[in-house]
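This report refers to the structure that appears directly beneath it.
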Amino acid sequence: MTSQSQGIQQLLQAEKRAKDKLEEAKKRKGKRLKQAKEEAIAEIDHYRLQREKEFRNKQMNVMGSQGNLSAQLEEQTTETIRNLTSSYQKNKESMMKKLLNIVYDVKPEVHPNFRYAA
């Protein structure tokens, strides 16, 4: 009977060791999954930051050129306004004289289509 109880004890101990090993393997698997998840999140964050940096660079290139174009357009507009203003100031007096001469110099004539009814 003692040999039988010793055999049972050995089986129980073997079963306990197998259960402990199984629990240890589950813990290691859980740790590996958690580590893999953390690594994946870190890799995703790194990729996201890289893509955002590329996007910002492209956006700055596009917006920078647009900003440069708007500055050039603003400068051209200012120059055109300045030229028109100076032209107006130069020609204002002579144009006023021409207009007043035309208005004051009235030559009464009968229109060619007018028919004198007698």
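The figures that follow rest on heavy atoms only: side chains count, while hydrogens, waters and symmetry mates do not.
- Taking OG1 from T78 and CZ from R82, the interatomic distance works out to 6.5 Å, rounded to the nearest 0.5 Å.
- In Q89, the CD atom is crowded: over 12 heavy atoms of neighbouring residues, nucleotides or ligands sit closer than 6.0 Å.
- S5 OG to Q10 CD: the interatomic distance, rounded to the nearest 0.5 Å, is 10.0 Å.
- With N57 as reference, K53 is the one residue of E54, M60, K53 to meet the side chain to side chain contact (heavy atoms under 4.5 Å, CB included) rule.
- Under the 4.5 Å side-chain criterion, counting only non-hydrogen atoms from C-beta, E24 is in contact with R28.
- With values rounded to the nearest 0.5 angstrom, L100 atom CG is found 13.0 Å from K98 atom NZ.
- Counting heavy atoms from C-beta outward, K31 and Q35 have side chains that stay 4.5 Å or more apart.
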Original post:
After noting the C-alpha distance and the side-chain angles of E43 and E39, does the key distance pass the side chain to side chain contact (heavy atoms under 4.5 Å, CB included) rule?
Top reply: CA-CA 6 Å; E43 189 175 335; E39 288 175 0; over 6 Å; no
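- Not a single donor-acceptor pair under 3.5 Å links the side chain of D105 to the backbone N or O of N101.
- Atoms CE and CD, from M96 and E93 in turn, are 8.0 Å apart once rounded to the nearest 0.5 Å.
- The side-chain heavy atoms of E15 and L11, taken from C-beta on, include no pair separated by under 4.5 Å.
- L22 CG to K19 NZ: the interatomic distance, rounded to the nearest 0.5 Å, is 9.5 Å.
- To the nearest 0.5 Å, atoms CD (E109) and NE2 (H111) are separated by 10.0 Å.
- Considering only heavy atoms from C-beta on, D45 comes within 4.5 Å of R48 through its side chain.
- The 12-atom threshold is exceeded at CD of E79, counting heavy atoms of other residues, nucleotides or ligands nearer than 6.0 Å.
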